[in-house]
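Everything on this sheet refers to the single structure shown next.
Scope of the values below: all heavy atoms of this structure, side chains included, with no hydrogens, waters or symmetry mates. Each residue takes its place number in the sequence, starting with 1.
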Amino acid sequence: MTDDTVAGVGPGAISPGPDAPVRRLTVLYDAGCSLCTFLRDWLARQPQLVPLELVPAGSAEARRRHPDLDHGATLDEITVVGDAGQVYRGAAAWIVTLWALRGQRSLAYRLSTPSGAMLARAAVLAAAKWRGAQGRGTWGGGAQWGGRVYRAADGWSYDPGQGWRYNPPGCDSGGCATR
């Protein structure tokens, strides 16, 4: 698959050329966003047909690997970089990431159709709206869905069976009250 397959989704893909094969993808994710880190962990558990390297957006490692990217923008919108210099953003980034996964490739092909692209774009916009409501990203503009982002550095953790838990920094002994 070349980036031209995904480029049909809209302006999200920037092409280095139609014949550039994709052999490895770097997924830049917002390490301060709970949704982003949840998806990072999910991606890491999936069988991959094309290896995914999951790198925090804006990190020193991301800047070292991809010095020409706008690293501030990578924190606002998912960005995936192919090994031949392909850059995918937004819906195109999600589609190419799904394409790299063994169990999701057929879904990626369906999402790369014109009608599938509308669904992929809607999913990206919904995720961006959620992030904005949590206080991250550029799409929000208000905490209409309940507040700020839940960050591990602030003491928040998520357990799928238990939900969100708050343990304030410095309260590791369990002696602090929770909110």
Side-chain angles (χ1 to χ4, degrees), residues 1-128 130-131 136-139 149 151-153 158 160:
M1 173 179 169
T2 67
D3 58 310
D4 287 336
T5 304
V6 179
V9 202
I14 301 169
S15 173
D19 297 324
V22 176
R23 293 191 175 100
R24 178 172 300 278
L25 293 168
T26 301
V27 179
L28 300 172
Y29 67 93
D30 182 352
C33 165
S34 58
L35 174 63
C36 303
T37 57
F38 174 83
L39 291 170
R40 174 211 54 206
D41 294 345
W42 180 81
L43 288 170
R45 291 189 307 266
Q46 302 306 303
Q48 300 171 2
L49 295 171
V50 175
L52 297 176
E53 296 175 341
L54 307 166
V55 177
S59 67
E61 178 66 12
R63 292 175 192 283
R64 183 190 66 75
R65 289 179 182 217
H66 309 291
D68 295 334
L69 283 180
D70 175 353
H71 290 278
T74 65
L75 286 166
D76 290 334
E77 183 174 37
I78 182 175
T79 303
V80 177
V81 182
D83 57 331
Q86 307 94 325
V87 176
Y88 307 89
R89 291 190 172 95
W94 283 111
I95 292 169
V96 76
T97 300
L98 291 172
W99 172 83
L101 303 176
R102 179 183 312 272
Q104 305 301 323
R105 188 162 276 188
S106 62
L107 174 60
Y109 283 126
R110 286 193 305 271
L111 292 175
S112 68
T113 66
S115 59
M118 291 187 326
L119 178 61
R121 179 152 171 73
V124 168
L125 290 173
W130 183 87
R131 288 184 73 225
R136 300 290 288 194
T138 59
W139 293 90
V149 67
R151 299 176 58 103
Y158 182 77

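- Looking only at side-chain heavy atoms (C-beta outward), W99 and V22 come within less than 4.5 Å of each other.
- Taken from CG in L43 to CZ in F38, the straight-line distance is 10.0 Å, to the nearest 0.5 Å.
- A 4.5 Å side-chain heavy-atom check between L52 and L101 finds at least one atom pair inside the cut-off.
- Between V50 and R105, some side-chain heavy-atom pair lies under the 4.5 Å cut-off.
- Among all heavy-atom pairs drawn from P56 and A62, the shortest one is O-CB, 3.5 Å.
- With hydrogens and angles disregarded, a donor-acceptor distance shorter than 3.5 Å links the side chain of Q46 to the backbone of W42.
- Residues W94 and L39 share a closest heavy-atom pair of CH2-CD1, 3.2 Å.
- G58 and T74 get closest at one heavy-atom pair: N-OG1, 3.8 Å.
- Among residues two or more places apart in sequence or in another chain, the side-chain contact (heavy atoms from CB on, under 4.5 Å) test is passed with L119 by L111.
- What you find for D30 and A57 is that their closest heavy atoms are N-CB, 4.5 Å.
- For residues 54-70, the set of pairs meeting the side-chain hydrogen bond (donor to acceptor under 3.5 Å, both in side chains) definition, not counting sequence neighbours, comprises E53-R65, E61-R64, E61-R65.
- Without hydrogens or angle criteria, D83 side chain to R23 main chain gives a donor-acceptor distance under 3.5 Å.
- Considering OH of Y88 and OG1 of T97, their distance stands at 9.5 Å, rounded to 0.5 Å.
- Distance check, rounded to the nearest 0.5 Å: CD1 of I78 to SG of C36 gives 8.0 Å.
- Checked options V80, L28, T79; the residue passing with R89 is T79 (criterion: side-chain contact (heavy atoms from CB on, under 4.5 Å)).
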